[in-house]
Amino acid sequence: MKASNARDVASRIDIRAQVLANRPVRGRYWRIVLGLPRQGMDAFARLTPGQFILLDISSVGLPEQIPPELAEKANRHILLRRPFSPMAVRSTATGVELELMYKVVGPATVRMTSLRPGQSIQVLGPLGKGFSVLSTMKKAILVAGGIGLPPIYHLAQIIRSDHGHIMVEVFLGIRSASELPLDLDDCGQVDWALDIPVHLTSNDGGIGIKGLITDCLQDWLRTRPPQDLDGMIIFGCGPEPMLRQLARIASNNGIACQISLERYMACGTGLCQGCVVRCRQAGGPVYRLCCQDGPVFDAAEVLFDDHRA
Amino acid sequence: MSSQPEMVVDLAGIRLNSPVLTASGTCGYADELEGLLDMSQVGGLITKAITLLPCEGNLPPRCVETDAGMLNSIGLANIGLDRFVHEKLPIIRKMGIPVLVNVAGSTVDQYAKVISTLAAAGGIAGFELNVSCPNVDKGGISFGTDQGMVSEVTAAAKAAAGGRPVFVKLTALVTDIVSIARAAVEAGADGLSLINTIPGMAININTRRPVLGNRTGGLSGPAIRPVAVYIVDKVYRELARDAGIPIIGGGGIMDAADALEFIIAGADAVAVGTGTFVDPGCAAKVARGIRDYCVRHGIRRIKELVGSLC
């Protein structure tokens, strides 16, 4: 599972991308499509699910409409780039398209809503280590919480296209119906567009099953015959309490589990050493870098209590 | 066609092809920016702080963005002297660009040991003494705010450096920066590096806890630039100019105009820090911008600009 660091470093690139589309999905979720020119093709076409890019939003202006609850925050100066794991990567005749999903939560994401097709934005990537899909895997359980969805969505596509023998099941947890980051089809069902079963929970029960997605997963696992767990793997991305619970569920059931973590990061390239994740190691716990060693980690490796004994 | 301005800087005997360096703690062990930063534009690199023993650093969260800047409390996380010598020095030797090693410790002996080992190993252009890190309990800023300690560490470092230049990186958080700088110079410092991050703190008002795991951190970025320019101007006028001591100026440099402020105030070279986090190619962009400025203003040598404040 160790990625070759040398190759990763050589393939990253800092490049100007064109905004091709930028639209609200629902609630505070938006999708933006960025077009990378030919120079970026080799690097970005190889972006694996769970890897991330950094966007320079420092020179992006404020939109006309700002959610009232963000009005004060929105005026803050943006300095550092912001990390995003794409939800889709498409190769086209002229380059590569990256599709990102973002949730408007602060000054940077508010500014992103002002981007219009034709404008450009600086993109650094691909960065970090993504999810690792092995041919020995038989069933992939994809678990996403809220804005943790994009890399999971990307992973679902890659498994479908490149690993047809792996069965896929998706678990998506959201706060409420208004926070569903996906479109609904005519029947009011989540339009995953990939023909993959989706288990949906919401905290308020306004859509899907009421409750936490991790409880839903646990209930579902209980109904599985033991042989079903053979060759099963859980891939997760979402809030840290969800990931911690996923790690527990995986461990209790003897299922492999890879999770994508989020940390404040300044550089995204290992320079600042700011984004550390406490990990188990034979000689005692060590800090690993979310930006380089992750953001995807083996769940069994992560120590969720970040304070030292 | 006018000839290109002379950008070469003699920094206490270190020949820099451009006055722009990358600041300690923002360019890793020197090789991490490969492919993202045009090294031909950069004068040199200053590694993250190296300590005698490996250091795992502070509790996370270790960094957070603030208005026009960021706070960090990395806590000198590094692989330690042995691994640095075996894993990083061979790479640095091949880079073909001057590399200064930033050195930190919690005792004077530790500084001396790291420096003497590196001096003997070779491949290093010079040293930068970190007596100004705000994020460690011992050494760091507690040394840099005490004239006696600055003097002692500098003298020990100089004795261990085998003739290689020693720069002392100071904190702005002192009552009288000139007396601290003078202590370093009188103890044998070949140059001064001004300034380190400024202690700062951010609080999450919902949890009423400090945002950083270490409670406090060091503020960097554009927010501290006026403070840094002030310190460079003051130290240059009151000490460095007459003593003939070069200054590496830095603090929130994002573009050439920022860097030129430091040079005009009296810095022979500048260090780009947080700017590299925002744009990994920042130092090269700054160097090109300085060259363009020289062309536009008829400056033949960058040296003419140093301390040219009217």
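These numbers come from the heavy atoms of this one structure, side chains and all, not from hydrogens, waters or symmetry mates. First the proteins, then the strands, lettered A, B, ... as listed; each starts at 1.
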Most heavy-atom pairs under 4.5 angstrom with chain A, which of B:Ile74, B:Leu36, B:Thr26?
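Of the candidates given, the most pairs with chain A belong to B:Leu36.
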Check whether the side chains of A:Gln281 and A:Arg288 place a donor and an acceptor atom closer than 3.5 Å, and report yes or no.
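There is such a pair between these side chains.
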For the residue pair B:Thr51 / B:Asn78, report whether a side-chain donor-acceptor contact shorter than 3.5 Å exists.
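Yes, a side-chain donor-acceptor pair sits under 3.5 Å.
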Mind checking which of residues 72-82 of chain A sit less than 4.5 Å from chain B, heavy atom to heavy atom?
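The residues closer than 4.5 Å to chain B, in numerical order, are A:Arg76, A:His77, A:Ile78, A:Leu79, A:Leu80, A:Arg81, A:Arg82.
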Is B:Glu34 salt-bridged to A:Arg12, cutoff N-O under 4.0 Å?
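Judged by the 4.0 Å cut-off on N to carboxylate O distance, B:Glu34 and A:Arg12 do not form a salt bridge.
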Hey, mind stepping through A:Val89 and A:Glu97 against side-chain contact (heavy atoms from CB on, under 4.5 Å) and telling me if it holds?
CA-CA 6 Å; A:Val89 179; A:Glu97 287 180 16; over 6 Å; no
Could you have a look at A:Pro107, A:Ser58, A:Cys272 and say which one has the most heavy-atom pairs with chain B under 4.5 angstrom?
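Winner by heavy-atom pair count: A:Cys272.
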Suppose we screen for salt bridge (Lys or Arg N to Asp or Glu O under 4.0 Å). Which residues come up paired with A:Arg248, at least two apart in sequence or across chains?
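A:Arg248 satisfies salt bridge (Lys or Arg N to Asp or Glu O under 4.0 Å) with no residue once adjacent residues are dropped.
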Between A:Thr113 and A:Ile32, does the side-chain contact (heavy atoms from CB on, under 4.5 Å) criterion hold? Intermediate values first, please.
CA-CA 9 Å; A:Thr113 64; A:Ile32 187 168; over 6 Å; no
Please assess B:Asn130 against B:Leu76 for the test side-chain contact (heavy atoms from CB on, under 4.5 Å), listing each intermediate value before the final yes or no.
CA-CA 10 Å; B:Asn130 183 346; B:Leu76 305 182; 3.7 Å; yes
Given heavy-atom pairs under 4.5 angstrom as the criterion, report whether the side chain, backbone, both or neither of A:Leu54 touches chain B.
neither
Segment of B:Thr274 engaging chain A (4.5 angstrom heavy-atom cut-off)
side chain
B:Val101 vs B:Phe84, test: side-chain contact (heavy atoms from CB on, under 4.5 Å). Steps then yes/no.
CA-CA 10 Å; B:Val101 176; B:Phe84 180 76; 3.9 Å; yes
